[in-house]
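No experiment lies behind these values; they were computed from the predicted model shown. Every chain is numbered from 1 and lettered A, B, ... according to where its sequence line falls, protein lines coming before strand lines.
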Amino acid sequence: MPELPEVEVLARHLRPVLRGKSIRAVRVNRAKILKPTTERELKRVLTGAKFKSLVRRGKYLLFDFTASGKTVTLLGHLGMTGRMFVADKAEPLPKHSAVVFELNRGVFVFEDTRYFGRMTLDLSSVEKLGPEPLDQDFSPEGFARELKRSRQPIKVKLLDQTLVAGVGNIYASEALFRAGISPKLAANRLTFAQVKKLHGTIRDVLAEAIDCGSTVPLNFSAGKSDGLFYFGRAPGVEDYYEERLLVYDRAGKPCVRCKSSIKRIVQAARSTFYCSSCQKS
DNA sequence: CACCATGTTCCTTG
DNA sequence: CCAAGGAACATGGT
């Protein structure tokens with residue numbers, strides 16, 4: 001599920017749901033998710049803690065709690081398949097519930113089929129992140145400066161979270177298509193005009209995804225439909241939202257702009273989708 | 001059985 | 001120290 005927009009939508013959903021909640025008990029079903037925090041440590045620090053606030057940074061969620069006068073921060077990351085939701089205590093937990101926080105009312109569940117996600121007290125990953133793409137400090141000039149230092153293909157470079165935080169495999173392809181830039185172009189070969197264009201399309205594509213996700217009725221309770229989907233993917237909402245992913249997972253389908261066939265290539269062991277006619281350089 | 005999947009980190013190589 | 005490439009992590013869908 002998770003690139004920046006999905007995580008942002010999740011944060012907006014969770015904030016009011018967690019307001020006023022305290023942690024009665026912590027259950028850990030898969031300690032690997034806590035790394036490098038230990039199960040003991042997590043329980044010691046968070047049992048009895050009261051939820052204060054939630055901030056998204058890149059694809060990470062930072063939960064602040066107050067525990068015996070002090071603030072403790074819990075860092076969450078959804079990995080590839082993670083989900084977080086608050087449900088009634090009586091509801092059956094999904095199969096891969098890695099960590100379950102029992103609240104004064106209900107349970108806060110971190111579920112992750114592939115267990116690539118994180119729920120930890122170690123905040124070091126967040127310190128390495130680049131600027132927030134939707135904030136002012138993400139400037140075309142700074143972006144250009146960083147791109148100049150790399151010879152990697154631009155698509156691969158966009159996945160580097162120290163360059164800009166929150167862009168993932170789907171929106172990287174989408175932003176490049178909108179900018180008309182080839183995913184294979186070396187980062188340091190982009191013209192400043194291209195950098196400015198890409199800077200804009202990154203912001204646009206992420207902002208639109210957030211808007212779109214924010215208006216989808218959300219139901220994060222256990223079960224299949226948790227409401228967090230990419231553009232146009234939510235079952236039952238096709239009627240409301242036009243398909244917004246213009247290239248991702250559209251190999252062989254006609255380009256929305258020029259009708260030529262969308263290509264799939266592999267870069268850094270990940271799929272890249274693009275239009276070889278609209279994205280020549 | 002084969003291949004694919006929204007992400008990050010660790011290890012190696014240059 | 002740095003950039004870059006590749007494997008590893010674990011499970012499920014097609």
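Taking atom NE2 on A/H77 and atom P on C/dC9, their separation rounds to 19 Å, with Å as the unit. Atom NZ of A/K157 and atom P of C/dA4 are 6 Å apart (whole Å). Between the CZ atom of A/R30 and the P atom of C/dC9 there is a distance of 13 Å, rounded to whole Å. Note: OH (A/Y115) to P (C/dG12) measures 8 Å, nearest angstrom. Look at CD1 on A/I154: it is 15 Å from C1' on C/dA3, rounded to the nearest Å. In this structure, CG of A/L129 is placed 13 Å from C1' of B/dG7, rounded to the nearest angstrom. Summarising the geometry, the separation between CE on A/M80 and C1' on B/dA5 is reported as 5 Å, rounded to the nearest angstrom. As rounded to whole Å, 10 Å separates atom C1' of C/dA10 from atom CD1 of A/I33.
A salt bridge does not link A/R145 with A/E141: every distance from a Lys NZ or Arg NE/NH1/NH2 to an Asp or Glu carboxylate oxygen is 4.0 Å or more.
Stacking of A/F116 onto the six-membered ring of B/dT8 is not present when judged by under 5.5 angstrom between centres and under 30° between planes.
Within the cation-pi definition used here (under 6.0 Å to the ring centroid, within 45° of the axis), A/R257 qualifies as a partner of A/F177.
In this structure, of C/dG12, B/dT8, C/dA4, it is B/dT8 that holds the atom nearest to the side chain of A/R270.
Formation of a donor-acceptor pair under 3.5 Å by the A/S150 side chain with backbone atoms of A/L147 is not found in this model.
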